[in-house]
Structures are given as C-alpha cells and as structure tokens.
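Worksheet for the structure shown next.
Keep in mind that this is a model prediction, so the values were computed, not measured. Below, read A as the first sequence line, B as the second, and so on, with proteins coming before strands; counting in each chain starts at 1.
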There are 2 protein chains.
Amino acid sequence: MQAAARAFADKGFHATTTRDIASGAGLSPAGVYVHFGSKEELLFNLSRTGHESALREVRAAVADAATPTQQLADLVATFSQWHAEQYEIARVVQYEHHHLTPEHHAEVLALRKQIDAVVRGILEAGTREGLFTIDDIGDTALALLSIAVDVARWYSPTIRRTPAQIGATNAHLALRLVGAAT
Amino acid sequence: MQAAARAFADKGFHATTTRDIASGAGLSPAGVYVHFGSKEELLFNLSRTGHESALREVRAAVADAATPTQQLADLVATFSQWHAEQYEIARVVQYEHHHLTPEHHAEVLALRKQIDAVVRGILEAGTREGLFTIDDIGDTALALLSIAVDVARWYSPTIRRTPAQIGATNAHLALRLVGAAT
DNA sequence: ACGGTGACTAAGCGCTTGCTTAGTTTCGCA
DNA sequence: TGCGAAACTAAGCAAGCGCTTAGTCACCGT
C-alpha cells in the first residue's frame, strides 16, 4: 500500500502500472495479487483509510477545543498539517478518488461529506454565537477547505515551511476569512 | 482540441485514449494524427493556450483597476470566474500539466510563475501603501490562488451559483484575507 | 518428520494502447 | 475540367497493460 500510495501520488492512478507497484514493494508483478484482488481495490483501500484518518484527526481537533473560534483554528491547522505530513496519501485522497468504481466512490464521498459537515457545524455555531461574520456558510466552508486541501498540491518535503507552520498560517488565514477576532 | 479537453478534464490524461478523442471529434482514430503528432502534443497545446488565456485575462483585469485593493478584487474575481466558465480547460491546466514532457512542462511552469508574480506584485503594492495587513506575502498569495484554482475542482454547470457570482464571492473573501477595508 | 497453509514467482494470456501505413476522398484554384 | 494538397479512413503493428495459472518455497503446529 505504501508503494501504491507513492506511485499513485506521483503519476496518478492510470499512469501507474501494477508492475510499478510490485517493484516498489520489492515483489514480482504477481505478488501484489496475493494481497489485493485488483489495482482498483488497492486504490479503494488507500482512499478509504486516508479519508478515515483525516476525518478522525479533524474530529479529535474539534472535540479538544472549547469555542467555535478555537475549533475552527484547530480544525484548519490540523487538516492543513495532515495534507502536508501525509501528502502522498492526501494526493491520492484528493485527486484519484474519481477513478474508483461507482460503489466505492459513493462510500468515499460519504466520508467527504462528513468532513464538510464538521466545518459547516463550526461555522453555524460561530455565527449563532456572534463570533463570526459570514455572508454564506456554504461558500465560506468551501473556501476554507480549498486552502487546506490545496496544501497537498503544492507541498513538498524540501519546502521552507514545516507542516506545523503551514497549519498555523492557514489557521490564522481561516480566522480572517470568517471575520473572527484574533 | 475541444474533444480532448473534455476527455482529459473528465477522465485524466492517461485514462483518455486517442480513440476517445477521435470519436469525440467525429473522426477515425487515425484522423487525430493529421493535426497532432502525439497525444502529449495535444495536451501541450491545450495546456499552453489555457495558461496563456488565463494570464491574459488576469493581466487585463489588473490593468483596468486603479488601486491595489481594486486590482486584487478584480484579479481574484476574474481568475475564479475563468476557472468556472472554462472549467474543462481549467482542469487540464491545473491537474494534467505534470504529464507533459520535461521541456513542455518547463514552458508551462514559466507561465504559471507569471501569474504568481502578478498576485505578489499587487500584495506588495497594497502592503507598501498601507492598504493590506499581511504576515507573509508568499503564504498569502498561495492561499489566494488556492481559493481561485480550487473552483475548477468543484465547479459544475449544474451548480447553484453562476461563474460571475463565484468570482464576486471569492473577491470578497480575498479582501478579507489581506485585511483590506471593504 | 510431516502435512497444510499462506507468501511468493516465472511465464504468459488476451486485450488495449499509441501510433503508422497505404490508400481514398474532398476541396480550392487555375 | 483537372490537378496538387490537405483531410481523412481501414487495417493493423509492436508494445505494454491488468491479471491468471501452475508451481515453488518457507514456516508452523503436531
């Protein structure tokens, strides 16, 4: 799965051959099929566990914070940091999920909607408590997720900023986006 | 090129066959090769003209605005709107450019850097004139571009908002991000 | 010592891929 | 009307694809 994640992130699902994955894992081409029934099954396992991992981290960050302001800051920081630290899996999660079979795609989309719902929930709470000034919750949630998700696109381990620093920066920008006091 | 743009945007470069492109254009598989030497050449033509089109629009928007505040708003609005209106080409531009040959990739990267430079220039001018409050110009430019570029990922013609409305929303969010008075 | 089980490979099958070749049709222009 | 060039196709080639098959090997409880 590690070899597959690396290859999918680097070249994309369809440009990756099962022979790439096998040799990346130190196996013969047939060796992969002892553990996975198909290339798509490998993508699905990566995509599902990746989404679950992100959702788990996001929920933990929100649970540990007291106010909507702190929740939003921690959520964006955690989610951004995850996209940097796990940038290979994050790229598979963000850019390859539409190559899944319809059934697998639906399963993964449900997890994505849960992440979206967490963000919306915080924005609603913050607006209700008068902490945030927001025109439209859906549009703002989308912009917040854009900033965090896009980290996977441009992040590289050779970059100036550390994942933690990226998380802190994006958390700060997020609070500005919702008009929260900092 | 239209058929190729549609197919590349829909399924990705490697998942698209030359037969897909040919039949999409109403040609036999060999008919494509009368006009293009290879599938990669088609991608390069789409990617180059797409980048040039985006850069042209962005530069025009900036040239027509008086203050850095107005320039930033118009740039983000125009760039976001472009990613919605031309969402098929935009997806090719944003997600397929790394499948180009190294030479072609370098040529397209130069165009991307020019777009980046326009954004940075406005942020520097706005900061210099005391209009913007920004921690780091590079980080902020990246976040602004993330919001605009990500439109190509989620936009669909069936969506509630029009491309112009998306541009207006994102322009408003952009001004918030840089701490500009609205 | 031995039988069963799971991990693994060498070889390769059937199919699809990007692209070519050889030949036909269409078309602008003299 | 006739001609050269450009646009196009039917057929297919070599290579690479996902995946299978038949068989070997290492290991572990009895």
**Residues, nucleotides or ligands: over 12 heavy atoms within 6.0 Å of A/Gln114 CD** =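 Above 12, so yes.
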**Message:** Checking A/Glu85 now: which residues fulfil salt bridge (Lys or Arg N to Asp or Glu O under 4.0 Å) with it, not counting sequence neighbours?
**Reply:**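 With sequence neighbours excluded, A/Glu85 shows a salt bridge (Lys or Arg N to Asp or Glu O under 4.0 Å) to no residue whatsoever.
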Provide, to the nearest angstrom, the distance between the [atom1] atom belonging to [X] and the [atom2] atom belonging to [N].
{"X": "B/Glu41", "N": "C/dT20", "atom1": "CD", "atom2": "P", "result": "11 Å"}
{"X": "B/Glu40", "N": "C/dT17", "atom1": "CD", "atom2": "C1'", "result": "17 Å"}
{"X": "B/Leu43", "N": "C/dG18", "atom1": "CG", "atom2": "C1'", "result": "15 Å"}
{"X": "B/Lys39", "N": "D/dG16", "atom1": "NZ", "atom2": "P", "result": "15 Å"}
{"X": "A/His14", "N": "D/dC17", "atom1": "NE2", "atom2": "P", "result": "13 Å"}

**Whichever hydrophobic residues join B/Leu27 through chains of side-chain contacts under 4.5 Å** =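 Once heavy-atom contacts under 4.5 Å are chained together, B/Leu27 still belongs with nothing else.
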**Asked** Looking at DNA chain C, which of residues 1-10 of chain A put a heavy atom within less than 4.0 Å of it?
**Response**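 Under 4.0 Å from DNA chain C: no residue of residues 1-10 of chain A.
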**DNA chain C contacts made by residues 25-38 of chain B, counting heavy atoms under 4.0 Å** =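 Those residues are B/Ala30, B/Tyr33, B/Ser38.
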**Asked** B/Ala164: what forms a side chain to side chain contact (heavy atoms under 4.5 Å, CB included) with it, not counting sequence neighbours?
**Response**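 B/Ala164: side chain to side chain contact (heavy atoms under 4.5 Å, CB included) contacts with B/Gln81, B/Thr162.
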Distance-only criterion, 3.5 Å: show the donor-acceptor pairs between side-chain atoms of residues 129-136 of chain B and protein atoms not counting sequence neighbours.
{"from": "B/Asp135", "atom 1": "OD2", "to": "A/His172", "atom 2": "ND1", "distance (Å)": "2.9"}
{"from": "B/Asp136", "atom 1": "OD1", "to": "B/Gly138", "atom 2": "N", "distance (Å)": "2.9"}
{"from": "B/Asp136", "atom 1": "OD1", "to": "B/Asp139", "atom 2": "N", "distance (Å)": "2.9"}

**Prompt:** Among pairs that include at least one residue of residues 22-38 of chain B, which meet side chain to side chain donor-acceptor pair (under 3.5 Å), considering only residues two or more places apart or in two chains?
**Reply:**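 For residues 22-38 of chain B: none.
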**Asked** Ignoring hydrogens and angles, does a donor from either the side chain of B/Arg19 or the base of C/dG18 sit under 3.5 Å from an acceptor on the other?
**Response**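 A donor-acceptor contact between them is present.
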Check: residues 60-69 of chain B side-chain donor-acceptor pairs under 3.5 Å, at least two apart:
{"from": "B/Thr67", "atom 1": "OG1", "to": "B/Gln70", "atom 2": "N", "distance (Å)": "3.1"}

**Request:** Only pairs at least two apart or in different chains count here, so list each salt bridge (Lys or Arg N to Asp or Glu O under 4.0 Å) that has a residue in residues 18-34 of chain B.
**Result:**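 Every pair satisfying salt bridge (Lys or Arg N to Asp or Glu O under 4.0 Å) with a residue in residues 18-34 of chain B: B/Lys11-B/Asp20.
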